[in-house]
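To start, the structure itself, in structure tokens.
Predicted, not measured: the structure shown is a model, and the values here were computed from it. Count residues from 1 along the sequence.
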Amino acid sequence: MSAVGLVTAALLVPLSASVAQPPPERGGPPEDLRIATFNVSMFRPTEGELAADLADADDEEQDTEVRNVAEIVQRQRPDVLLLNEFDHDAGGVALQRFQDNFLAVGQGGADPIDYPYAMVFASNTGVASGFDLNNNGEVGQSGRAYGDDSFGYGEFPGQYAFAILSQHPIDTDAVRTFQEFRWADMPGALLPDDPETPEPADWYSPEELEVFRLSSKNHVDVPVEVGGRTVHVLASHPTPPGFDGPEDRNGTRNHDEIRFWADYVSPGRSSYIYDDDGERGGLRPGSAFVVMGDLNADPADGSGIDGAAAQVVEHPLVRDPRPASDGAVEASELQGGANETHAGDPALDTADFNDRPGSAGNLRVDYVLPSRPLKVRDAGVFWPVQEDPLFRLTGVYDPSFTNGFPSSDHRMVWVDLGVPPGGPNAG
């Protein structure tokens with residue numbers, strides 16, 4: 001697949017496009033749409049390394065995990081796919097190579113798949129703040145110290161970013177990004193508190209809050225044209241609620257990154273929001289949308305702030321399809337440990353964390369949450385049981401793999417929707 005009309009911008013790069021088909025007549029049957037999120041763990045330790053790795057499609061040993069990720073995509077065949085933890089490069093080279101060299105080539109007996117529309121998004125990860133954000137007395141210059149003092153944890157700009165692939169046209173002129181939205185501009189923000197001082201919410205100095213961004217990576221509103229209706233893909237990847245101290249700076253940020261979408265889709269709660277072009281306000285009332293991504297929050301378990309995930313999972317405008325798998329139940333039973341103390345249904349887990357030291361167990365952290373105008377027809381998590389021949393694609397923890405698994409420690413979450421028809425301007 002060739003990149004047509006490649007445009008490089010500070011915030012987003014549309015990789016390819018083709019001629020959109022005319023919308024169906026108003027009043028026709030709902031159009032089928034499979035939409036999925038997948039944290040593919042395709043991050044690398046150095047800038048440009050992912051693009052370099054994906055350049056050689058013949059290196060089967062090096063690319064085992066990438067090939068397995070591609071095969072999962074080919075077998076599940078989502079129409080719209082969000083890839084979390086996919087390193088960003090300004091020209092979209094890595095994503096183009098992933099499509100050309102892996103998705104467009106059948107893997108493990110699966111059929112190739114083509115996505116004529118694709119976008120990569122810049123990320124706050126690895127973007128230097130110039131401040132001592134972890135309050136250790138120095139501004140980090142490299143490695144973890146640098147990442148801790150960046151706007152989002154990352155050892156180079158764009159590490160752990162995300163991208164969107166689509167078989168339906170993307171209205172690139174209407175895409176909104178919120179990479180630079182300041183956390184302090186959210187009314188009632190849960191700004192972290194330094195427990196060593198009497199002042200409230202003072203972990204970050206006034207000077208730091210003048211520039212500190214809410215999004216640890218990015219928040220994006222991507223309008224996808226499905227039939228005659230626009231479906232807004234609301235994608236993000238909030239920071240995990242850990243790797244900090246008693247100030248809970250990551251837990252509070254995770255909560256408010258999730259809250260952003262709850263406010264964005266709620267009339268009367270979104271007036272404070274502004275995007276990177278300066279446009280204010282949230283989603284137009286009545287618009288069809290899907291909140292999706294690795295939210296790093298489980299509704300019932302884990303170390304996040306209570307109610308963080310519920311802000312979107314239980315939002316009155318949202319349906320929770322409760323995607324499930326038998327493989328998650330099996331893994332919970334076989335691994336035991338922290339899983340035995342969980343309050344949530346193990347069938348809903350989407351990430352296999354239980355083999356890590358100090359793990360909180362397997363959790364539900366990856367979501368596809370459609371709005372109520374959309375009809376949920378089916379939903380699931382790609383997590384095969386061990387006797388399934390496709391179990392080889394997910395497997396069990398094995399340190400010989402770069403990310404500990406044959407593909408990723410997260411599983412693809414998919415939802416089948418019926419998108420009601422609408423006129424060309426239907427939102």
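Residues meeting the side-chain contact (heavy atoms from CB on, under 4.5 Å) test with Ala174, sequence neighbours left out: Asp171, Pro223. In this structure, the salt bridge (Lys or Arg N to Asp or Glu O under 4.0 Å) partners of Asp263, at least two apart in sequence or on a different chain, are Arg259, Arg269. The salt bridge (Lys or Arg N to Asp or Glu O under 4.0 Å) check on Asp320 picks up Arg364, with sequence neighbours excluded.
Leu165 has its side chain within reach of Leu83: a pair of non-hydrogen atoms, C-beta onward, lies under 4.5 Å apart. Considering only heavy atoms from C-beta on, Val376 comes within 4.5 Å of Val415 through its side chain. Within the 4.5 Å cutoff, side-chain heavy atoms of Pro238 are placed close to those of Leu295. Looking at heavy atoms from C-beta onward, Phe260 lies in side-chain contact with Leu214 at the 4.5 angstrom threshold. With a 4.5 Å cut-off on side-chain heavy atoms, Val313 and Val318 do not count as touching. Considering only heavy atoms from C-beta on, Phe102 comes within 4.5 Å of Gln107 through its side chain. Residues Gln167 and Tyr115 are in side-chain contact: their nearest non-hydrogen atoms beyond the backbone lie under 4.5 Å apart. Side-chain contact between Glu208 and Leu133: present, with at least one pair of heavy atoms (C-beta onward) separated by less than 4.5 Å.
Under 3.5 Å, the side chains of His315 and Ser266 contain a donor-acceptor pair of N or O atoms. Residues Trp383 and Thr394 bring no donor and acceptor atom of their side chains to less than 3.5 Å of each other. Checking Gln335 against Asn362 by side-chain atom types alone, a donor-acceptor pair falls below 3.5 Å. A side-chain donor from one of Thr230 and Glu225 sits under 3.5 Å from a side-chain acceptor of the other. With 3.5 Å as the limit, one finds no donor-acceptor pair spanning the side chains of Ser216 and Thr239. Remark: the Thr350 side chain and the Asp366 side chain contain an N/O donor-acceptor pair separated by less than 3.5 Å.
Atom CG in Leu95 sits 10.5 Å away from atom CD1 in Ile164 (nearest 0.5 Å).
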- request: Dump the intermediate steps for side chain to side chain contact (heavy atoms under 4.5 Å, CB included) on Phe382 and Leu390, then the final yes or no.
  value: CA-CA 10 Å; Phe382 183 80; Leu390 295 182; 4.2 Å; yes
message: I'd like to know whether His237 forms a ring-ring contact (aromatic ring centres under 6.0 Å, His included) with Phe121, so could you lay out the CA-CA distance, the side-chain angles of the two residues, the decisive distance to 0.1 Å, and finally the verdict.
response: CA-CA 12 Å; His237 184 187; Phe121 296 90; over 10 Å; no
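Residues in residues 378-389 take part in no salt bridge (charged side-chain N to carboxylate O under 4.0 Å, His left out) pair, two or more places apart or across chains. Counting only residues at least two apart or in different chains, salt bridge (charged side-chain N to carboxylate O under 4.0 Å, His left out) contacts with residues 337-353 comprise Asp352-Arg411. Note on residues 68-80: pairs passing salt bridge (charged side-chain N to carboxylate O under 4.0 Å, His left out), not counting sequence neighbours, are Glu71-Arg75, Glu71-Arg392.
Checking Asp221, Asp276, Asp275 one by one against Arg176, the salt bridge (charged side-chain N to carboxylate O under 4.0 Å, His left out) holds for a single residue, Asp275. When each of Thr402, Asp53, Asp87 is paired with Arg44, the side chain to side chain donor-acceptor pair (under 3.5 Å) condition holds for Asp53 and for no other. Of the candidates Phe353, Phe38, Phe405, Phe353 is the only one forming a ring pair (Phe, Tyr, Trp, His ring centres under 6.0 Å) with His410.
In terms of modelled atom types and a separation under 3.5 Å, the side chain of Asn339 and the main chain of Gly336 share a donor-acceptor contact.
You'll find the ring centres of Tyr264 and Phe178 inside the 6.0 Å limit.
Annotation for Arg182: atom CZ counts as buried by contact number, over 12 foreign heavy atoms lying within 6.0 Å.
Salt bridge present: Asp416 and Arg34 bring a charged side-chain N and a carboxylate O closer than 4.0 Å.
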